[in-house]
Amino acid sequence: MLAVQLAALLAGDSGNAGDGAGEALALLDGFDDALVHGLARLADERADAVTALAAAFAATPLGDRLAEAADAVVSGSITQEHLRALAGGRVALSGAVHDALLESLDTALGRERAEWPAAPDGPGTAGDAGAQPAGNVLGGVRSWLRELAITGWRGVDHDLVSAADQVIEALLAAPDLHRLAVLLDGFAAELRACCPIGPAEHLPVRRWADLWTRALLLSQDGVLTGEPRSATTVSGRLLALGVDVHEHGTAVQFQVHAVLEPAGGGRSRLVRTSVTVAKVDTIVGPALWKLAQRHKVLLAALADGRSVEITDMPLLDSGDLVWDDDRAFVSKPADPLATARLCLPGALAPAVPPLDRVPVRIAEPVLVEGYKVTKDGSFDLGGTVLAVDAERLPDCGPLTPKLVAASSACVGLVRWDAGRWTLQPLAVQAKVKREAVVAATGDWALGPTDPKAAKAEARAADAVTVLRERAGRLLRR
Amino acid sequence: MVPPVQPRKLAKVPFVELADGRLQGVVSSGSDIGRVYVSSIAAGTHNYNCSTNNNRPCGGLYGSPCKHLRALVAEAVVQYGADRVARYLRVEVPEGEELADCLGGAHEPAPAAVVFSRFLRHLAYLEVPDTTLPIPELHWFPATGTVS
C-alpha cells in the first residue's frame, strides 16, 4: 500500500464508506439500541428506530414484509417471522455498507476482484431443506435468540444465557451446523462474562447486534448446509502472506492469507485457507498450534517460511482453499514480505459471498513500507497516518507491539473497525539488535522459537494431556 | 469482548467454572495423585462443599473451607480475574483483602456428579473434529493479548 493509496482511501469521505453509508449506519444504530433494552420495551424513540429500519426498504421487494414486521414488533407481537424479516433488513444494510467500504478499498489499492458467480439454479436451492435433520435444533436456536431480543441486553441474566447450553451442545453434535455452534458459543460466553448486566455498563452494542443477527441468519432452515458451493480444484504454488488468528473460549481458527500461482501459468489469486479446531478456554498461547498438528504440511510451511505445492485442492468461490494435507507438500523458502512485494500487485482478489458481506469480515492483505512509526504505534506514510491494531496480535506468535513499532516493512490486513481503517500486522521486517529479522504470526506453528516463550510453554506442560489424565482419575472410583 | 482467560497451570485445578449459581471445579488431591475432589461455593450464601466424585466428603472440612476450596478460589481468580469471581459470588472484597477470606457460608452438601459431568462436557470439546472449511463468523473474535 503506497502513501498515495492510503491517502486516497482515507480521503474518501474521511475514511467513511461514501454516500449513504452514514445514514445506513445510523439506521443500524437505532435498531441496535432497541436490542439493548429489548423489543418488549420499545419506548417511542426506539419504536421509531425499528420503523425507520423498515422504512429504508420501502422501495425494495423486502419493503412490505419489513413494514409488517416493524408494525407487529412495535405493537408487541414478536414472532420468529418478524424477527427474521428485521434481521434480514439489518443484514442487507450492513451488506450495503460492506460493499461501499470494500469498493473504496479496492479502488484505492487498484485491486481487481472476482465477480460472485450467480447460483446455478437461482436462490433457495442451495440447501435441500428436506434433508435437514437439524430442524428441531435450529428451532431451539431461534427461540433462544427471540428470548434475547425480547429481553434486551440489559435484561440478560445467567438463566437466560444458560438456556443456550443445551442448544449449543446439540449444534456441536451436528457437523453441518458447526459454524453456528462456534458463533453461539462465543456469543453466549461473552454475555455470561458480563452477567448481570448493570444499567450503567458500557455495552458493545453494534457487536452484539451483529452476532445476534448473524446467528439468526444462520439458524434459518437451509442456510447452513454441509457442503458450501465448491467451485473448482486448483493446483500450483501457494505463497503465504501471514496467519490471521481468531479465537474465543472454545474455538480457534488459523486463517492463512496467501497468493496462489496456478500451475501452468495464469493469473495469480489471493486465497485464504483455514483450520478451525475446538478447544477449552484454558488452552491459550503457543499451545494452540498443537491442536492443529494434524495439518503438518501447512504448519511446517508456516514455521519454516516456505511455499507449498498443492495439487487438486478444492477452491471455493469465496476464495477459500479447503486445506488437505495429503494434496500438499512443502517446497522452497518464501518470505512473506517478498511475496507481498512481488506477487500481491496484480493478484485477483476473491468475490465475497452474499451472506458474508459484513464490514467485520473485510481483511485485505497489503504491504506497507517506508513509514515512520508514530508515538501511539500508528504508521505515518508520507503524512497520512494508518492506525495499527496491535490488539489483534495473537499471543501464539512472536509479533509484539514493540516489534511492530521497530519495523520498517509490514504485511498486514486492512480492516474497518469502529468507523476507521486499521492495519492488523501479520508479518514484519524489523531491526533487532542491529540485525534485520523477519517475524510472522505463524512462526511458532511448530512450537515457540523464542527461548523465553519456549520455556514458558514447557512449564505449562501439555494442557490437553493434563486434562485427560485428571478426568481419568475422576472416572475411576 | 471477554478478556482472554489468563494462562494457568492445570495440574492442581484442572477445571474451574462459574455456572449453576456456583463457583465450582475439580481439584487434585495434594497427597494422592490418584484422587481428585469436586469443590464448589454457592453464589450469595457462600455455602461450600468438597467431596470425592462418589460424594465422600473431604476430610479437610472442619467447619471451614478446606485447602481444595482455597485452591479453587485462587485459580478462579487467576482465570477469570478477581472482579468477575467476586461479582458472580456476590461478595464484597475490601481493598487489600483476599477474596477467599471474605466468604462466609457453611458446609452444605452439593451433588458432585453435576460438576463432574460438566467437566466431561468441557473435555468433549477436545473431541470435536477440526474443520478446514472457513468459519467467517470467527472474524468477530480476533485473537488478542500479547501480554509482554
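Since the model is a prediction, treat every value here as computed from it, not as a measurement. FYI, side chains are in, hydrogens and waters are out, and symmetry mates aren't considered; it's all heavy atoms of this structure. Numbers restart at 1 for each chain; the letters A, B, ... are given by sequence-line order, proteins then strands.
Checking B/E137 against A/H246 by side-chain atom types alone, no donor-acceptor pair falls below 3.5 Å. Neither side chain, A/D281 nor B/Y125, offers a donor N or O lying under 3.5 Å from an acceptor on the other.
Contact check for B/F15 versus A/T282: no side-chain heavy atoms found under the 4.5 Å cut-off. B/P142 places none of its side-chain heavy atoms less than 4.5 Å from the side chain of A/E247.
Side-chain atoms of A/R207 come within 3.5 Å of backbone N or O of B/W140 as a donor-acceptor pair. No side-chain donor-acceptor contact under 3.5 Å links A/S274 to the backbone of B/P134.
Within the 4.5 angstrom heavy-atom criterion, only side-chain atoms of B/R118, from C-beta onward, approach chain A. With a 4.5 Å cut-off on non-hydrogen atoms, B/R121 touches chain A through its side chain but not through its backbone. Contact annotation for B/I33: both backbone and side-chain heavy atoms come within less than 4.5 Å of a heavy atom of chain A. Proximity to chain A (any heavy atom under 4.5 Å) is restricted, for B/Y88, to the side chain, taken from C-beta onward. Only the side chain of B/V26 comes within less than 4.5 Å of a heavy atom in chain A; its backbone stays farther off.
Separating the SG atom in A/C195 from the CZ atom in B/R84 is a distance of 9.0 Å, to the nearest 0.5 Å.
If you run side-chain contact (heavy atoms from CB on, under 4.5 Å) between A/V277 and each of B/D130, B/V128, B/T131, B/L126, only B/D130 comes through.
Using cut-offs of 30° and 60° on the angle between ring planes, the pair B/F141 and A/H248 is perpendicular.
Looking at A/R192 and B/E17, no side-chain N of the basic residue comes within less than 4.0 Å of a carboxylate O on the acidic one, giving no salt bridge.
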